[in-house]
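Bear in mind the structure is a predicted one, so any value in this text is a computation, not a measurement. First the proteins, then the strands, lettered A, B, ... as listed; each starts at 1.
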2 protein chains.
Amino acid sequence: MSSDLTARARIRDAAIQLFAERGVEGATIRDIAQQADVSSGLLRHHFGSKEGLRDACDEWALHELTKVSGQFIEFSTLDGFTLRVRLLQSYLIRSILDGSPAGTAMFDRMLEYGEQWLATTDLKVADPRAFVAVLSVMKMSLFTMSDLMSRALGDDVTQPQAWGRMLRASLDLFSQPLITKEQALQAESAIDRVIAGEEAS
Amino acid sequence: MSSDLTARARIRDAAIQLFAERGVEGATIRDIAQQADVSSGLLRHHFGSKEGLRDACDEWALHELTKVSGQFIEFSTLDGFTLRVRLLQSYLIRSILDGSPAGTAMFDRMLEYGEQWLATTDLKVADPRAFVAVLSVMKMSLFTMSDLMSRALGDDVTQPQAWGRMLRASLDLFSQPLITKEQALQAESAIDRVIAGEEAS
DNA sequence: ACGTCGGCTACACAGTCGTGTAGTAAGCTA
DNA sequence: TAGCTTACTACACGACTGTGTAGCCGACGT
């Protein structure tokens, strides 16, 4: 496939793909170089080190993704949500798990955007910060655990068909209350009980 | 700390803790042995290999957790939800990310239980399987990304205080609709558009 | 008293990792 | 043409991994 790109660009693309698939630890320099069809030395020549390569990938993914849209994972604005964009997205989401600065930067942006969104709604929320954090993490989780989702659906969620099915289900989930206020209160007191028991010991 | 346990038990406990913290790849045999205060050879003597150790941890965690409660992550039944249980839980959740058989087994159980739960409610769900899968993944994500949650809340969610705050926020989230039916429909058509555009190319 | 079996350690081995070094070929500038 | 930078490769090094092996030591049965 990729051929008319610079070797440097090919390395970067290969790194983003493999980092996204296996994580930064799981993807070796040699694998990346092989995928880009260059020697591992050239990778080192261009990016200095594995860390340097990851930094370059972080910067590029953030930059490219910001170019496409201000916010990252929002269902309402899916224009330009191409396969390439989804790859960049899954790279950043994966790098969140690996504790990359770019990953946490993206998460911070998600939090910020989430709080803005929350302000526009008339939801009654006791702890906005926690609410937005939980919501953001949950939205991301659909992509961090795509293997599990694919297994549950019996279909690859990185492909358009199952991907749409997953997103539609999440819309279904967010557009109606799952538990009653009574159940919520009951669960809250259960949580209180656990905390009280924990702090006693 | 731990001392009056068998060396074999100490190794198992250390492995569960380190596997949960760093993943099965990230935790080395030598680290586990050191944490258990034994030689790495003894670990090998008892469990044969790293894979054997993980299998033993899987089996033990599943068994212990089943002993406590039939279902794993449910807010309504938090009795006996001790720190030890939470450790076992986070071990299994982490091992889901690593693709362990025990992890997927637990996930399957969650799906099964989720579908039973869904049947007891009068929720209108277009795609029950996908609905339950999304919900299960999202519930788990609070624990898989505890680092991120802690960062967002500015407090360690493995500790009772922030842990309760996180769970309360998730209750808040699940007890009310976040988007209107109109917004959901709008987003659905956006998803359809992306899929159509994708399959055209 | 003696053998042996399980708990336990020390050490060596091969593979893989990221990294470092030396060197080649091509293109640009003077 | 000479000199230098840049793209690129081949290869070796040290660290770390899981694994294999040899052996020590105490308990226990006979």
* To do: State whether the distance check finds a donor on one side and an acceptor on the other, under 3.5 Å, for side chain A:Arg30 versus base C:dG18.
  => yes
* Structure fact -> Here the distance between atom C1' of C:dC8 and atom CG of B:Asp37, to the nearest Å, is 13 Å
* For atom CD1 of B:Ile11 and atom C1' of C:dG6, their distance in whole Å -> 14 Å
* Asked: Could you give the CZ-to-P distance, from A:Arg8 to D:dA7, as a whole number of Å?
  -> 9 Å
* Has B:Arg86 got its NZ or CZ under 6.0 Å from the middle of the six-membered ring of B:Tyr91, at an angle within 45 degrees of the ring axis? -> no
* To do: Quick one: closest heavy-atom pair of A:Leu62 and A:Ala102, and the distance?
  => CD1-CB, 3.8 Å
* **Donor on one side chain, acceptor on other, B:Ser100 and B:Asp98, under 3.5 Å** => no
* **Stretch residues 45-54 of chain B: residues that reach within less than 4.0 Å of DNA chain C through a heavy atom** => B:His45, B:His46
* Give the rounded distance in Å between these two atoms: CD1 of B:Ile29 and P of D:dG18. => 5 Å
* **First of A:Gly26 and A:Gly41 reached from the 5' end of DNA chain C, by closest nucleotide** => A:Gly26
* To do: Assess the side chains of B:Gln17 and B:Glu21: does a donor N or O sit below 3.5 Å from an acceptor N or O?
  => yes
* Could you tell me whether A:Ala27 contacts a base, only the sugar-phosphate backbone, or nothing, with contacts defined as non-hydrogen atoms closer than 4.0 Å? => sugar-phosphate
* **Spacing of B:Gln34 atom CD relative to D:dC16 atom C1', expressed in whole Å** => 14 Å
* Can any side-chain N or O of A:Arg94 pair as donor or acceptor with the backbone N or O of A:Thr144 at less than 3.5 Å? -> no
* Asked: Among C:dT9, D:dA12, D:dC8, which nucleotide sits nearest the side chain of A:Ala7?
  -> D:dC8
* Could you state the CZ-C1' distance from B:Phe19 to D:dG18, rounded to the nearest angstrom? -> 12 Å
* Asked: With a non-hydrogen cut-off below 4.0 angstrom, is B:Ser39 in contact with a base, only sugar-phosphate, or nothing?
  -> base
* Structure fact -> Winner on side-chain proximity to B:Val38, out of C:dT9, C:dG18, D:dG18, is C:dT9
* Among C:dA12, C:dC8, C:dC17, the one nearest B:Leu42 by side-chain distance -> C:dC8
* Using a distance-only test with no angle check, is there a side-chain donor-acceptor pair under 3.5 angstrom linking B:Asp155 and B:Gln159? -> no
* **Protein-nucleotide distance (A:Asp31, atom CG; C:dG15, atom P), rounded to Å** => 17 Å
* Asked: Is there a donor-acceptor contact under 3.5 Å linking the side chains of A:Asp147 and A:Ser150?
  -> no
